[in-house]
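The structure under discussion appears below in the form of C-alpha cells.
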Amino acid sequence: MTPAVQRIALPTGVELDVAIAGAPDRPPVILLHGFPESHRTWRGILPDLARDHYVIAPDQRGFARSSKPEGVEAYAADRILADLIALADHLNIDQFTLVGHDWGGAIAWMAALARPDRVARLVIVNAPHPYLFQRALFDEPEQRKASQYITRFRDTTIDRGLTGAGLEKFLGSTFAHHVTHAIAGADKAAYLDEWSQPGAMTAMLNWYRASTVIVPAMDEAPPRPAFLDRPFPPVTQDTLVIWGMRDSALLPVLVDDLGPYVPKLTVEKIDAGHFVPWEKPEAVVAAMRRWNI
C-alpha cells in the first residue's frame, strides 16, 4: 500500500508533505522521522498500522520537499513542536499516539512532556530521553565520543560541498557505520533525490545547529548544565521504547536508566543498528502490536 501524500499549509508558516493512510475514524497515530530521512522511514511500518489506525507521517520542516525556512532559529525544537500540534489541529485530531525515530523521537519526547493534553501514548525508536542524553554527554565518555559527529554537523562550512558527488561522499562516509544494506537501489535513489532538493542539506543540518544540547569535546570540561542537578519531570504517558542495540551513535546506556523518568515504560530491544525502521520493520511492528498499539 502506498499512502496518499498531501501538501498541507500550516499556520506556523510552513508547508509539509504528509503521507496519510487509514480511515479517519480510527485511532490516530502520528509518525515523526529523523535525520536524514522523510516519511519513507516508515514504509515498512505504516501499511500495517493503517489496517486499524488513521496514520499520519509528515516530511518535517527542512526535509524532502517540505518547506525549508532560512535561518538556524527556524529549526528550534519549539518551532517543530508547533508544526506537530498545528498538523494535528488541521486534521481535526485531538489526542493521538506519537511515534518518533531519531530527531523525530527527540520532538516526540518533548511533545509528551510539554503537551500531555494531546499526546495520549508515546513510542520512541532509538531516540534518547533529553535529560539522560545530556547527562551521558557529560558523564559517559563512550557516548561523548560517539556524539562528536554532532559538532561536525554544526560546522556551517561543510554545507557548500554538499551537492552532487560531494553529497554522496559526505553521506557515504558519515553514515558508513550506521547505514546498512537497507538503503540501496530504488531507496537510495529516492533519498538522494530528497537530499538534493535546493537547501535541503543545510535545512536538515540546522536541526543540529538549533539544538541546545551541549556536546563537549573529548578533552573539554565545560560548566555542567544546571538542569542536570535538578529533578526532571516524568513522562506521564504509557511509553514504548524500541531500541536497536547495535546503534553506534546512541549507545544502549541511554536506555538503562529510563525507569525513574518514564514510570509507565515498556522497552523492546532489537538486534539492529540506529536505523531500526529501515533494517527491521517487522520487528518494530511486532513490538508495537505486543504493546497493543
Please work out whether the ring planes of [X] and [Y] are parallel, tilted or perpendicular, with thresholds of 30° and 60°.
X: F35; Y: Y208; value: perpendicular
X: H129; Y: F232; value: perpendicular
X: Y191; Y: W195; value: parallel
X: F275; Y: W278; value: parallel

Step-by-step side-chain contact (heavy atoms from CB on, under 4.5 Å) determination, E37 to E194 = CA-CA 8 Å; E37 305 183 72; E194 292 174 356; over 6 Å; no
Nearest atoms (heavy-atom pairs only) where [X] meets [Y]:
X: L113; Y: P233; result: CD2-O, 3.6 Å
X: H39; Y: A19; result: CD2-CB, 3.6 Å
X: W42; Y: G100; result: CH2-C, 4.3 Å
X: Y75; Y: P69; result: OH-O, 2.7 Å
X: M110; Y: A77; result: SD-CB, 3.4 Å
X: L122; Y: W291; result: O-CH2, 3.5 Å

Rounded to the nearest 0.5 Å, what's the gap from [atom1] on [X] to [atom2] on [Y]? Could you check?
X: D238; Y: T97; atom1: CG; atom2: OG1; result: 9.5 Å
X: L98; Y: I124; atom1: CG; atom2: CD1; result: 7.0 Å
X: N206; Y: T156; atom1: CG; atom2: OG1; result: 9.0 Å
X: I107; Y: I80; atom1: CD1; atom2: CD1; result: 4.5 Å
X: I214; Y: T151; atom1: CD1; atom2: OG1; result: 11.5 Å
X: I242; Y: K269; atom1: CD1; atom2: NZ; result: 13.5 Å

E220 atom CD: more than 12 heavy-atom contacts under 6.0 Å |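 Yes, the 6.0 Å shell around CD holds more than 12 heavy atoms from other groups.
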Beyond-backbone contact of [X] with [Y], side-chain heavy atoms, under 4.5 angstrom:
X: R61; Y: S67; value: no
X: L240; Y: I293; value: no
X: L46; Y: P3; value: yes
X: R65; Y: S38; value: no
X: Q134; Y: L228; value: yes
X: V262; Y: V241; value: no
X: V123; Y: M288; value: yes
X: R115; Y: L84; value: no

Where the side chain of [X] meets the backbone of [Y], is there a donor-acceptor pair that is under 3.5 Å apart?
X: Y54; Y: I20; value: no
X: R290; Y: V285; value: no
X: N126; Y: G244; value: yes
X: Q148; Y: P216; value: yes
X: T239; Y: Q237; value: yes
X: Q95; Y: D117; value: yes
X: Q143; Y: F133; value: no
X: H33; Y: Q60; value: yes
X: D102; Y: G104; value: no
X: R144; Y: F138; value: yes

hydrophobic_cluster_shared for Y149 and V72, side chain cutoff 4.5 Å =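 As far as the 4.5 Å side-chain criterion goes, Y149 and V72 are not connected within one cluster.
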hydrophobic_cluster_shared for I8 and V5, side chain cutoff 4.5 Å |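 No: no chain of side-chain contacts under 4.5 Å links V5 to I8.
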Inter- and intrachain pairs under side-chain hydrogen bond (donor to acceptor under 3.5 Å, both in side chains), touching residues 254-263, at least two apart =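 Residue pairs passing side-chain hydrogen bond (donor to acceptor under 3.5 Å, both in side chains), neighbours aside: R135-D257.
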With sequence neighbours excluded, give me every side-chain hydrogen bond (donor to acceptor under 3.5 Å, both in side chains) pair touching residues 5-31.
->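 For residues 5-31: R7-E15, R7-D17, T12-D83.
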Does the side-chain contact (heavy atoms from CB on, under 4.5 Å) test come out yes or no for I158 and L205, once each step is laid out?
-> CA-CA 10 Å; I158 68 175; L205 290 167; 3.9 Å; yes
Contacts of F227 that satisfy ring pair (Phe, Tyr, Trp, His ring centres under 6.0 Å) - sequence neighbours left out =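 Partners of F227 by the ring pair (Phe, Tyr, Trp, His ring centres under 6.0 Å) criterion come out as none, since no residue qualifies.
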Of R246, E279, M245, which is the lone residue that meets side-chain contact (heavy atoms from CB on, under 4.5 Å) with D271?
->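 Only one of R246, E279, M245 forms a side-chain contact (heavy atoms from CB on, under 4.5 Å) with D271, namely R246.
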side-chain contact (heavy atoms from CB on, under 4.5 Å) between R118 and D94: does it pass, once the steps are laid out?
-> CA-CA 6 Å; R118 304 300 296 273; D94 182 17; 3.6 Å; yes
Do F63 and W207 make the cut of ring centroids closer than 6.0 angstrom?
->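 F63 vs W207: aromatic centres under 6.0 Å.
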What's the verdict on side-chain contact (heavy atoms from CB on, under 4.5 Å) for V119 and F96, showing C-alpha distance, side-chain angles and the deciding distance?
-> CA-CA 5 Å; V119 180; F96 50 89; 4.0 Å; yes
